[in-house]
Amino acid sequence: MGILSFTAFFITTIVLLSLSDSSIAVDTIFGTQTITDSENSTLVSKYGKFELGFFSPPGRNSRYVGIWYKDIPVKTVVWVANRKNPINDSSGTLKINRTGHIVFLEQSTSTVVWSAKPNKPIEQISTPILQLLDTGNLVLRDGKDDENSEESYLWQSFDCPTDTLLPGMKLGWDLRTGFERRIVSWKSSDDPYPGDFSWGIALCNYPESMMWVGSEKYCRNGPWNGIRFSGSPELKPENPLFSYEFVSSKYEVYYIFHLRNESEKSRVVVNQSNGNVRNRFFWNSEARRWDVFTTVPRDNCDRYGLCGPYGNCIIGESPACQCLKGFKPKGNLMEWSQGCVRNKQFSCQDKDSSGFVRFKGLKLPDATYTWVNASLNLKECRAKCLSNCSCTAYTNSDIKGGSGCVMWFGDLIDIRQFQDGGGQDLHVRMHASEIGGNSERMVEKVVVVIVVVLIILCGLVLLAHRIRKVKTRKGLEEGTSVLIINQNYEREVEDIQMLFFDLEKIVKATNNFSSSNKLGEGGFGPVYKGTLEDGQEIAVKRLSKSSLQGVNEFKNEVILIAKLQHRNLVKLLGCCIQGDEKMLVYEYMPNHSLDSFIFDKTKCKQIDWSKRFNIICGVARGLLYLHQDSRLRIIHRDLKASNILLDSKMNPKISDFGMARTFGGDQSVGNTNRVVGTYGYMAPEYAVDGLFSVKSDVFSFGILLLEIISGKRNRGFYHQENNLNLIAQAWRLWKEGRPLELISPCSKDSNNLSEVLRCIHVSLLCVQEHPEDRPSMSYVVVMLGSESSLPQPKQPAFSSSKDTVSADSSSSKHGSSSTNEITLTDLGPR
Ligand SMILES: *[C@@H]1O[C@H](CO)[C@@H](O)[C@H](O)[C@H]1NC(C)=O
Ligand SMILES: *[C@@H]1O[C@H](CO)[C@@H](O)[C@H](O)[C@H]1NC(C)=O
Ligand SMILES: *[C@@H]1O[C@H](CO)[C@@H](O)[C@H](O)[C@H]1NC(C)=O
Ligand SMILES: *[C@@H]1O[C@H](CO)[C@@H](O)[C@H](O)[C@H]1NC(C)=O
Ligand SMILES: *[C@@H]1O[C@H](CO)[C@@H](O)[C@H](O)[C@H]1NC(C)=O
Ligand SMILES: *[C@@H]1O[C@H](CO)[C@@H](O)[C@H](O)[C@H]1NC(C)=O
Ligand SMILES: *[C@@H]1O[C@H](CO)[C@@H](O)[C@H](O)[C@H]1NC(C)=O
């Protein structure tokens, strides 16, 4: 066996030495071998992911043995052996000594600065070897045993973590030996000595994830509730980047995570010199740096016991600390750490003197004094709690199945409130008088009454709206001036005449429609820039002359559209009608359209991720307004990047809204089955059957989102390997758990990966094949703005046509043809 291993060792050495001569590129130390600082030698894991060697922290001379990533350019130390005891020159040697210990010696003085011992005597080990694995784990094992079997490890560095939790590393306890693995920060950025901050699992009946400063509790993620730690609603089992697990058995209690794609890199670090203390990082291979994925504590409410006993921390409220209902502040209002006391104490003798109030959406209180029985249900749990005088609260111990019983004894401390359905229920014991009869039923009744009242009100408003609309039209036909009631959102157009521009004025402003003033060719005709006499800049859209729409109808529509006002819509200033010439006058947008930024290799750098996110949210709000809040309830029908204009501050404004509804009719006259819209953005039911609804706009919005994220066009997008369009590519990456590869190189700098991920998730929900599966714009706006969990998207529609149909179809270039395309002929008259 020994000979075999040695042969293998020599072969590996020869092969790897020829690759790199500055380091001994092998992953294993046998018997009498050493790695020595003065020779600059290192151990490299088999596939070159990690390296073990000697290092000095920046600006220091002291030498440490450590492990770092080998295959990234940023030196990132994930483990240190002699963190308490550096050597002061470069004469260190690491080896296995004759009793099977791993020892790190200072050569010049022969002092042992660090050592680790095998978990069984040397006589029972035939070939002790020390091996660095590609997980970053340094293991001592018997050379004859399997390197992948954890049971065969006589010692492993994963059992003595320093400040970093790597995938596959256990955080927590081995109850058989009473041995704890806890992450402890460095003392400072240049000193690996154990610092004050640590992170581990607090052992109690209901184990919880906890951070300490010294021996004081610093921040509590809360107990494991079957799905996640109660205080981490953002931890989602279905997240595409990593899976995690919490094991609590008779033998072990630990948390562990694994990457879904093992070529990615992620680590969780407790860092004392960083105000955020604990961060999860992901390696961004494009930007070649670590991006922060999550941070703990997130906010002040995460500080342990900030609001004291029975205090509830609600971020966003002022003050953040409030008493739970039925409790009042104990001390001075400014000193929340004293917490709250009961309005009325319940009596132990009289069972009927107390009951429970259910609080929703909480992080469960400190679980140090708890009792758990996984086989009781909630009702039994209540009875059990009621029968023990010191029981103050109970709830399900496992929310996955809604089962089990956990009871609290003594004061409830470190509670916080989560919005968006993140937290859990807690039933808190109260004096019967605080419960107020059947409070939950009361709430239900009140809700029903409110809903009924709202429905009636909505009905009335709609009726009033109808009546007014009829009146408005009548008024116009009679040529009188119209009073338009302002509905909060909509612009009051006091003087209708203001909306009509003289042709003379427009001709002058646009320099007689000179070609140098031409901004481009929009869906319904050319657009010119102009400057009015008072200096106001305008954009004039000259509608194609073929229009058959009557002048009165046209005026009517202009008046209605001019009233739509929202900060994310381009403002229609008015129109100009002269003979058969019809023009629309808009406010001028100095930064032109979004497509000129996102698809341009150089200009795309001007919009970083935060700007992109702002644009995404703005477009979503503008579209929501069109769909729901405006009184016309407009379906855009041609939402695309070139229809999103940007003002001087890069705020997005949707243009061409209302056009399809109003002027799209022009196009359909000559060609009854032509669909307005742009392929690539068109929902399948719209492109194929001509059916449109708000959900076809949602689809186009989804495509637009993907384009903003990826910087690639959906139509004409051609993926080298797979001939996939953008949706298909996004879907594939999502399925494979690497959606972040979609991000445009221009916004790779984003350090808000969870925001990017959320946008990708939302976009996939928007492009689902069936319109009924797609979210409404109001839900989209909610999803973009919250942290709550999202439904899983279904298979999207893979439309892959590259052509545009609308007034400018003649100007669109046909891409190289592909057999997979839906061609225009499919859309001929049926
Ligand atoms: C070790 O490596 C460093 C940096 O590569 C070099 O400056 C130094 O001379 C090397 N020492 C020996 C003994 O090879
Ligand atoms: C290195 O120097 C420090 C401070 O001078 C000292 O405390 C430490 O014991 C030294 N280490 C060794 C191994 O001599
Ligand atoms: C190996 O190192 C350990 C730890 O320093 C020590 O206790 C043991 O005596 C050493 N064994 C030999 C044979 O030197
Ligand atoms: C995993 O990630 C790497 C690097 O990010 C990528 O090259 C590879 O294709 C991914 N593999 C899978 C199966 O997603
Ligand atoms: C800790 O945070 C500081 C300040 O942000 C940073 O300079 C240092 O590199 C961090 N240390 C680790 C191990 O990430
Ligand atoms: C949990 O409750 C069940 C049912 O009442 C009981 O049989 C079991 O002994 C309890 N377990 C503990 C640990 O108390
Ligand atoms: C109430 O529960 C506590 C904790 O489990 C226990 O120590 C105490 O004996 C119980 N009291 C009664 C009256 O059952």
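For ligands, and for the atoms within them, numbers begin at 1 and follow the listed sequence. Residue numbers count from 1 along this sequence.
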Strictly by modelled atom types, are [X] and [Y] linked by a side-chain donor-acceptor pair under 3.5 Å?
| X | Y | answer |
| --- | --- | --- |
| N137 | T135 | no |
| S273 | S189 | yes |
| R429 | S354 | yes |
| S90 | D37 | no |

Taking the non-hydrogen atoms of E741, is any one of them nearer than 4.0 angstrom to ligand 4?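 Yes; E741 lies near enough to ligand 4 that a heavy-atom distance drops under 4.0 Å.
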
Does an N or O from N271, backbone or side chain, lie closer than 3.5 Å to an N or O of ligand 5?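 N/O-N/O distance below 3.5 Å exists for this pair.
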
Under 4.0 Å from a heavy atom of [X]: which atoms of ligand 4 are those, numbered in the order shown and with their elements?
| X | result |
| --- | --- |
| S263 | 1 (C), 2 (O), 3 (C) |
| E736 | 14 (O) |
| E264 | 2 (O), 5 (O) |
| N261 | 1 (C), 2 (O), 3 (C), 8 (C), 10 (C), 11 (N), 12 (C), 14 (O) |

In ligand 5, which numbered atoms sit nearer than 4.0 Å to a non-hydrogen atom of S273?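 Under 4.0 Å from S273, ligand 5 has these atoms: 1 (C), 2 (O), 3 (C), 4 (C).
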
Using a strict 4.0 Å cut-off to heavy atoms of D163, name the atoms of ligand 5 that fall inside it.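 Once the distances to D163 are compared, the set is 13 (C).
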
Does the cation-pi check pass for R278 over F197, that is, NZ or CZ under 6.0 Å from the six-membered ring centre and within 45° of its axis? no

When you measure from the centre of the six-membered ring of F257, is the NZ or CZ of R280 under 6.0 Å away and within 45° of the axis? yes

Does the protein place any heavy atom closer than 4.0 Å to [atom]?
| atom | value |
| --- | --- |
| atom 2 (O) of ligand 5 | yes |
| atom 9 (O) of ligand 7 | no |
| atom 5 (O) of ligand 4 | yes |

Give me the nearest non-hydrogen protein atom to atom 14 (O) of ligand 4 as residue plus atom name, then the distance to 0.1 Å.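 So the nearest neighbour among protein heavy atoms is R738 CD, 2.5 Å.
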
In the protein, which heavy atom is nearest to atom 11 (N) of ligand 7, and how far is it?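 Here the closest protein heavy atom is N388 ND2, 3.0 Å.
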
Shortest heavy-atom approach to atom 7 (O) of ligand 5 - which of P57, S189, P192: S189

Among V372, N205, L364, exactly one meets side chain to side chain contact (heavy atoms under 4.5 Å, CB included) together with P223. Which residue is that?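 When V372, N205, L364 are each tested with P223, the side chain to side chain contact (heavy atoms under 4.5 Å, CB included) holds only for L364.
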
Of F359, F327, W408, which is the lone residue that meets ring pair (Phe, Tyr, Trp, His ring centres under 6.0 Å) with Y310? F327

Any idea which part of E262 is under 4.0 Å from ligand 4, heavy-atom wise: side chain, backbone, both or neither?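 Within the 4.0 Å criterion, E262 makes no contact with ligand 4.
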
With sequence neighbours left out, what residues match C389 under disulfide (SG to SG under 2.5 Å)?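 So C389 forms a disulfide (SG to SG under 2.5 Å) with C348.
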
With a cut-off of 3.5 Å and sequence neighbours excluded, list every side-chain donor-acceptor pair involving residues 163-173.
from: D163; atom 1: OD2; to: W186; atom 2: NE1; distance (Å): 3.4
from: K170; atom 1: NZ; to: E252; atom 2: OE2; distance (Å): 3.0
from: W173; atom 1: NE1; to: I201; atom 2: O; distance (Å): 2.7

